[in-house]
Amino acid sequence: MEPFTQRAVHVIKAVPPGRVVTYGQIAAMAGDPRGARQVVRILATLSDAENLPWHRVINAKGGISLPGKGGQEQRARLAAEGVTLRADGTVELARFQWRGPGTGEQREP
DNA sequence: GCCATGGCTAGTA
DNA sequence: GCCATGGCTAGTA
């Protein structure tokens, strides 16, 4: 596994329940601010094997990018963790976005 | 050539 | 809405 991939996996696993992060955020935390799309690839290929909390990853606008059935599943999983969605389906980032280790491990503020 | 992105710009209201 | 980005995949040669 590439170092970036390994770090990204580590970051994704660190996201607490009830919080969300963006693709770009994970990439930046893993050392490559322009690696958002690599994060997509990692989620698509390693979620199963690494048991990643893939549903806690959303886009920079607070929206769910995963299309189709997966998107439905993602909404359901987030709701189950207390992450509420606006009427337009987006997450209130100011409230639920995780800022990294040691910055609000708990639940929503 | 595709895409589970993201940032920046026009152009409307 | 446009386009830079980056890695992968299908599909041709």
Side-chain angles (χ1 to χ4, degrees):
Chain A
M1 206 177 346
E2 292 291 297
F4 173 77
T5 301
Q6 206 160 61
R7 291 193 297 271
V9 165
H10 187 78
V11 170
I12 295 166
K13 284 183 174 177
V15 184
R19 310 303 298 265
V20 297
V21 284
T22 69
Y23 300 95
Q25 236 188 305
I26 292 167
M29 290 192 239
D32 181 4
R34 301 181 301 293
R37 310 206 70 148
Q38 282 62 256
V39 173
V40 169
R41 172 182 57 81
I42 291 164
L43 285 168
T45 60
L46 270 48
S47 281
D48 227 42
E50 296 289 336
N51 206 31
L52 303 177
W54 56 270
H55 61 286
R56 308 210 259 255
V57 187
I58 60 181
N59 67 38
K61 299 185 186 81
I64 288 175
S65 291
L66 181 58
K69 187 64 202 306
Q72 298 292 323
E73 174 69 14
Q74 185 167 12
R75 273 186 280 280
R77 289 192 182 209
L78 287 175
E81 296 185 349
V83 177
T84 58
L85 303 177
R86 294 194 188 91
D88 66 356
T90 64
V91 174
E92 199 179 331
L93 286 179
R95 187 172 165 199
F96 295 105
Q97 185 173 33
W98 185 60
R99 307 270 173 197
T103 62
E105 296 293 315
Q106 304 75 19
R107 308 283 292 200
E108 47 117 359

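In what follows, every chain begins at residue 1, and chains take the letters A, B, ... in the order their sequences are listed.
- The stretch residues 24-61 of chain A comes close to DNA chain C through A/Arg34, A/Arg37, A/Gln38, A/Arg41, each having a heavy atom under 4.0 Å from the strand.
- Checked for salt-bridge contact, A/Glu81 and A/Arg77 miss the test: no charged N lies under 4.0 Å from a carboxylate O.
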Show the numbers, then the answer: is there a side-chain contact (heavy atoms from CB on, under 4.5 Å) between A/Arg56 and A/Val83? CA-CA 9 Å; A/Arg56 308 210 259 255; A/Val83 177; over 6 Å; no
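- Taking A/Lys61 as the reference, A/Asn59 meet the side-chain contact (heavy atoms from CB on, under 4.5 Å) condition, with sequence neighbours excluded.
- For the pair A/Gln74 (side chain) and A/Val57 (backbone), a donor-acceptor distance under 3.5 Å is present.
- The environment of CG in A/Asp88 is crowded: more than 12 heavy-atom neighbours from other residues, nucleotides or ligands sit within 6.0 Å.
- Every residue two or more places apart in sequence or in another chain that forms a side-chain contact (heavy atoms from CB on, under 4.5 Å) with A/Glu92 is listed here: A/Arg86, A/Arg95, A/Phe96.
- Using a distance-only test at 3.5 Å, with no hydrogens or angles considered, no donor-acceptor pair links the side chain of A/Arg7 to the main chain of A/Gly31.
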Using the rule given for side-chain contact (heavy atoms from CB on, under 4.5 Å), can you reason through A/Leu52 versus A/Lys13, listing the C-alpha separation, both sets of side-chain angles and the distance that settles it, and then say yes or no? CA-CA 6 Å; A/Leu52 303 177; A/Lys13 284 183 174 177; 3.8 Å; yes
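- In secondary-structure terms, DNA chain B builds stems of at least 3 consecutive Watson-Crick or G-U pairs, each pair having both distances under 3.5 Å, at B:1-3 with C:6-8, B:5-8 with C:1-4.
- Of all nucleotides in DNA chain C, those with any atom nearer than 4.0 Å to a heavy atom of chain A start and finish, going 5' to 3', at C/dT5 to C/dC8.
- For the residue pair A/Gln25/A/Gln97, the side-chain donor-acceptor check at 3.5 Å is satisfied.
- Qualifying side-chain hydrogen bond (donor to acceptor under 3.5 Å, both in side chains) partners for A/Asn51, counting only residues two or more places apart in sequence or in other chains: none.
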